[in-house]
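Structure, as structure tokens:
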Amino acid sequence: MRDKIRHPFWVDVDVVERTGSTNADLAAAVGLPEGTVLVAEVQDAGRGRIGRAWTSPPGAGLLFSALLRPTEVPRERWGWLPLLAGVACVDALTGVDAHLKWPNDLLVGPERKKAAGILAEVAGDAVVLGIGLNVTLTADELPPDRPDTTSLALAGAPVLDRELLLPAILDALAENYESWRTGGDEALRAAYRERCDTIGRLVRVSLPAGETLHGRATDVDAEGRLVVDGRAIAAGDVVHVRPE
Ligand code: BTN
């Protein structure tokens, strides 16, 4: 996989057979340069958003983390990075319908089910962006308690080769990151809104404090927050409510 990564931004791409979590590994490794990538075939303690676990059978997913050091960008803008990673995933996929559920779940296929999740973690002056993409998982291999999940294979995506998918995502990530770093949030916001399937939908949002909000998502604001019935939400778990 390593020799297929051509974008000069990525200075080191390591592939390991097994680890706990690629996010945890990069977050713990002080001093690694920006542009370091760690890929794992299997994770024993894969981390998901909101304290959830991320599991994937050996070889069936693309599991990796990328280390960024946006030191010249004010920290209040770093919240855009997980959304930027979602945009990069949409842009990297070809031959399959792909959208984002706010903030960054990758939805694919006509049923718009989740095929990838993104976890951004701050570690000192670095941000670790972790991406877990379900590539060839069968229906039996998906989490039984998550009927809203799928894999690229189940959604009929034509490209299932992880050696093609990883370079495509890394290329798109580096390009989006470099434009955002130098150009600001507005172009990214426009790209994000175009790819976001949440805007316009009825949603149920579980907020970190335990409150649940029902309403219509109308926008993603200049800080990357989801606007639901006029209220800007910075963090939460969103469900798209299907009309009866
Ligand atoms: C989510 O809950 O939707 C985010 C899942 C992120 C999973 C990826 S897999 C590679 C990287 N390492 C981790 O421990 N988590 C992320």
Side-chain angles (χ1 to χ4, degrees), residues 1 5 10 12-29 32 36-68 79 81-90 92-93 98-108 112-123 126-137 141-152 155 162 165-166 169-170 173 192 195-198 203 205-208 224 226 235-240:
M1 232 189 270
I5 317 295
W10 304 110
D12 193 17
V13 180
D14 270 347
V15 182
V16 295
E17 202 50 43
R18 178 167 223 121
T19 189
S21 153
T22 55
N23 262 38
D25 292 346
L26 288 193
L32 284 177
T36 300
V37 176
L38 181 63
V39 186
E41 289 292 326
V42 193
Q43 294 183 129
D44 295 317
R47 297 176 180 173
R49 285 183 63 237
I50 328 174
R52 294 185 180 131
W54 184 267
T55 57
S56 184
L62 179 59
L63 313 171
F64 70 97
S65 301
L67 188 86
L68 307 178
L81 284 167
L83 284 71
L84 183 155
V87 169
C89 288
V90 171
L93 293 183
H99 294 87
L100 295 168
K101 175 164 77 80
W102 186 89
N104 55 16
D105 284 351
L106 179 79
L107 308 181
V108 295
R112 300 200 173 179
K113 290 183 168 185
K114 174 172 175 172
I118 294 163
L119 177 66
E121 297 182 281
V122 175
V127 176
V128 178
L129 278 181
I131 300 181
L133 173 62
N134 295 338
V135 181
T136 56
L137 282 82
E141 291 172 328
L142 293 169
D145 56 332
R146 297 296 305 268
D148 58 335
T149 57
T150 190
S151 67
L152 293 184
R162 292 177 301 151
L165 292 165
L166 180 67
I169 296 173
L170 288 178
L173 194 53
Y192 181 86
R195 292 158 183 75
C196 181
D197 188 43
T198 305
V203 293
V205 191
S206 307
L207 300 173
L226 184 69
D237 192 31
V238 171
V239 173
H240 290 171

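We count ligands from 1, going down the list as the structure has it; atoms in each ligand are counted the same way.
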Once salt bridge (charged side-chain N to carboxylate O under 4.0 Å, His left out) is applied, do any residues pair with Arg112, and if so which ones, sequence neighbours excluded?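 Once residues adjacent in sequence are excluded, the partners of Arg112 under the salt bridge (charged side-chain N to carboxylate O under 4.0 Å, His left out) criterion are Asp97, Asp197.
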If you have a sec, work out which protein heavy atom is nearest [atom] and how many Å separate them, to one decimal?
atom: atom 11 (C) of ligand 1; result: Thr22 OG1, 3.3 Å
atom: atom 3 (O) of ligand 1; result: Lys114 NZ, 2.6 Å
atom: atom 9 (S) of ligand 1; result: Gln43 NE2, 3.4 Å
atom: atom 2 (O) of ligand 1; result: Arg49 N, 2.7 Å
atom: atom 15 (N) of ligand 1; result: Arg47 O, 2.7 Å

May I ask you to decide whether Asp148 forms a salt bridge with Lys101, counting only side-chain N to carboxylate O separations under 4.0 Å?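 Salt bridge: no.
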Just heavy atoms, cut-off under 4.0 Å: does Ile50 contact ligand 1 by side chain, backbone, both, or neither?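 Neither part.
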Would you check whether Arg52 reaches within less than 4.0 Å of ligand 1, judged by its heavy atoms?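 Flag not set, Arg52 not near ligand 1.
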Nitrogen or oxygen of Trp54 less than 3.5 angstrom from that of ligand 1: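 No; the residue has no nitrogen or oxygen that sits under 3.5 Å from a nitrogen or oxygen of the ligand.
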On a heavy-atom basis, I'd like to know which of Gly20, Ala45, Gly132, Ser56 is closest to atom 8 (C) of ligand 1.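 That would be Gly132.
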Using modelled atom types only, decide if a donor and an acceptor are shared between the side chain of Asn134 and the backbone of Thr150 within a distance under 3.5 Å.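 Checked: pair present.
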Can you check whether Gly224's main-chain N or O pairs, donor with acceptor, with Trp102's side chain at less than 3.5 Å?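 Yes, the answer is positive, given that a donor and an acceptor are paired below the 3.5 Å cut-off.
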For residues 19-27, dump all side-chain donor-acceptor pairs below 3.5 Å to protein atoms at least two apart in sequence or in another chain.
| residue | atom | partner | partner atom | Å |
| --- | --- | --- | --- | --- |
| Thr19 | OG1 | Asp25 | OD2 | 2.5 |
| Ser21 | OG | Asn23 | N | 3.2 |
| Ser21 | OG | Ala24 | N | 3.0 |
| Thr22 | OG1 | Gln43 | OE1 | 3.2 |
| Thr22 | OG1 | Ser65 | OG | 2.6 |
| Asn23 | OD1 | Ser65 | OG | 2.6 |
| Asn23 | OD1 | Gly130 | N | 3.4 |
| Asn23 | ND2 | Leu119 | O | 3.2 |
| Asn23 | ND2 | Glu121 | OE1 | 2.8 |

Element-labelled atoms of ligand 1 that are located less than 4.0 Å from some non-hydrogen atom of Ser65: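 Those qualifying, in numeric order: 11 (C), 12 (N).
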